[in-house]
2 protein chains.
Amino acid sequence: MTGQVRTVDGRVAGRRGQATRQKLLDCLREMLDTSPYRDVKVIDVARMAGTSPATFYQYFQDVESAILEIANDMAKDGQRLKALTEGQGWTGKGGYAAAEALVDGFLDFWREYEPILRVVDLASAEGDKRFYKVRQSILTAVTTGLTEAIEEVQAKGKAGDEVAPNAMAGTLVAMLAAVSGHQKGFETWKIKMKDVRPALSTLVFMGITGKKPPR
Amino acid sequence: MTGQVRTVDGRVAGRRGQATRQKLLDCLREMLDTSPYRDVKVIDVARMAGTSPATFYQYFQDVESAILEIANDMAKDGQRLKALTEGQGWTGKGGYAAAEALVDGFLDFWREYEPILRVVDLASAEGDKRFYKVRQSILTAVTTGLTEAIEEVQAKGKAGDEVAPNAMAGTLVAMLAAVSGHQKGFETWKIKMKDVRPALSTLVFMGITGKKPPR
DNA sequence: CATCCGATCTGACTGATCGTCAGATTTCTG
DNA sequence: CAGAAATCTGACGATCAGTCAGATCGGATG
């Protein structure tokens with residue numbers, strides 16, 4: 001799957017090439033930490049990496065492609081979120097703990113990759129399928145996990161015509177992603193993340209079980 | 001508040017000037033509908049408006065400032081969302097209907113201003129205070145409305161140490177904004193908006209009342 | 001209607017970045 | 001160390017940002 005690293009013109013990159021490429025990616029990521037996406041210039045990234053713009057274009061089609069690369073690595077790391085939906089039952093006290101773990105996992109993950117996820121979100125919303133795919137690869141795992149959990153709960157209960165499990169799961173995941181992506185915003189405002197965590201956990205729990213969490 | 005329209009160098013714009021300015025804003029908005037934010041060029045906007053780049057810079061500092069202008073108009077329109085949290089009680093069947101109305105209001109609003117909201121979201125997350133303020137002016141009204149609703153419900157009930165009302169409200173609003181902003185994404189995927197609406201309404205209702213909605 | 005004047009627009013320019021390519025430089029191989 | 005392969009870069013044409021002085025427009029005046 002993860003084929004060898006190649007240059008734009010298809011040659012396989014050697015040791016030195018890989019190092020340069022990686023350095024460019026690192027610098028790009030740092031750049032995104034500090035500058036608005038719209039203002040990230042190839043020339044700045046190259047300068048920071050101590051190389052020339054031409055070198056950048058040897059390894060990447062354009063800035064977007066390079067970010068996509070970083071995003072792919074991130075998505076690989078993101079697969080660990082999947083585990084947070086599996087294994088434990090979702091009812092009762094253990095269920096609420098599971099909800100809390102899921103929430104914390106999201107918050108941490110988003111905090112770590114915040115600038116990249118911003119770009120991924122934008123590009124996805126703008127219809128770029130490559131980025132949409134990356135975003136989905138992170139969210140899908142969690143969404144399907146939650147979908148199964150909801151289906152299980154609904155099967156157990158007398159279950160009338162409930163909310164569609166996958167819609168509820170998708171909504172919960174979108175909520176988690178959104179709040180995670182605006183952590184700074186919340187804190188700049190009058191809302192403490194300390195209070196947001198239980199709010200999220202409660203909504204996740206209620207979305208899955210349909211009940212108020214136990215105290 | 002809404003002072004006269006001024007050029008960059010402080011002169012008050014007359015009829016012709018206002019028309020030109022508006023045309024530029026319209027073209028910019030159309031541009032954002034079709035091109036990625038990062039690719040929107042002043043020169044293209046000017047060309048589309050049948051004028052020259054120099055004219056653009058007569059009315060706007062840069063592309064961001066112009067978008068901010070559009071965003072401000074949008075925010076003004078967005079104040080109508082406030083009404084959706086007021087007036088009706090949130091308990092029982094009427095409460096669920098209110099939740100549905102709120103959800104629909106959000107979905108419609110976001111659909112209408114999608115490309116602008118994308119940029120507002122990004123710029124806010126990137127720390128641009130001007131855009132953050134616009135975003136807040138839309139969300140705050142709704143958030144405070146919901147906060148009051150939750151406080152009211154909690155006061156009525158025996159209310160132990162519940163979730164912080166403003167955190168819950170902020171979370172619900174973030175959820176609504178997120179899902180609204182990814183409507184296309186949901187549909188491209190396997191989730192129907194037809195199913196998402198009740199999921200959202202249910203979460204809103206449960207977040208406020210702590211109970212499952214009545215059937 | 002001719003003239004004038006402020007409002008408005010634009011051609012033209014400088015500087016910055018993009019994206020490319022041929023050729024220089026470095027590293028590897030034997 | 002020579003030769004080949006890999007890697008890097010200076011330099012270039014094209015595009016866009018942003019500025020300014022001067023051209024044009026449109027209404028007011030006599």
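Naming convention: chains lettered A, B, ... in sequence-line order (proteins, then strands); numbering from 1 in each chain.
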Treating [X] as the side-chain partner and [Y] as the backbone partner, does any N or O pair qualify as donor plus acceptor under 3.5 Å?
X	Y	answer
B:Q154	B:P165	no
A:R118	B:A125	yes
B:S35	B:L32	no

Next item on the list: Name the residue closer to the 5' end of DNA chain D, choosing between A:R38 and A:T20 according to the nucleotide with the nearest heavy atom.
Entry: A:T20

Notebook entry, point to check: Can you tell which of C:dC18, D:dC25, C:dT27 lies closest to the side chain of A:V42?
Noted result: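 So the nucleotide nearest the side chain must be C:dC18.
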
Item checked: Candidates C:dC18, D:dC8, D:dG18 - which lies nearest the side chain of B:D62 -> D:dG18

Next item on the list: Please work out which residues in residues 50-59 of chain A have a non-hydrogen atom less than 4.0 Å from an atom of DNA chain D and list them by number.
Entry: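 Residues of residues 50-59 of chain A under 4.0 Å from DNA chain D: A:T51, A:S52, A:A54, A:T55, A:Q58, A:Y59.
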
Check: Using a cut-off of 4.0 Å on non-hydrogen atoms, how would the nucleic acid contact of A:T7 be classed: base, sugar-phosphate, or nothing?
Finding: nothing

Next item on the list: Rounded off to whole Å, could you give me the NZ-to-P distance for the B:K41 and D:dT15 pair?
Entry: 13 Å

Next item on the list: Would you mind reading off the distance between B:L24 atom CG and C:dC9 atom P, rounded to a whole angstrom?
Entry: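 Spelled out: CG on B:L24 to P on C:dC9 is 8 Å.
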
Item checked: Approximate separation, where rounding is to 0.5 Å, of B:Y132 OH and B:D128 CG -> 12.5 Å

Note to self: Applying ring-ring contact (aromatic ring centres under 6.0 Å, His included), can you list everything that pairs with A:F205, at least two apart in sequence or on another chain?
What the structure shows: none

Notebook entry, point to check: Do NZ/NE/NH1/NH2 and the carboxylate oxygens of B:R21 and B:E69 come within less than 4.0 Å?
Noted result: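 B:E69 and B:R21: salt-bridged.
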
Notebook entry, point to check: Which residue, B:R11 or A:D44, contacts DNA chain C at a nucleotide closer to its 5' end, judged by nearest heavy atom?
Noted result: B:R11

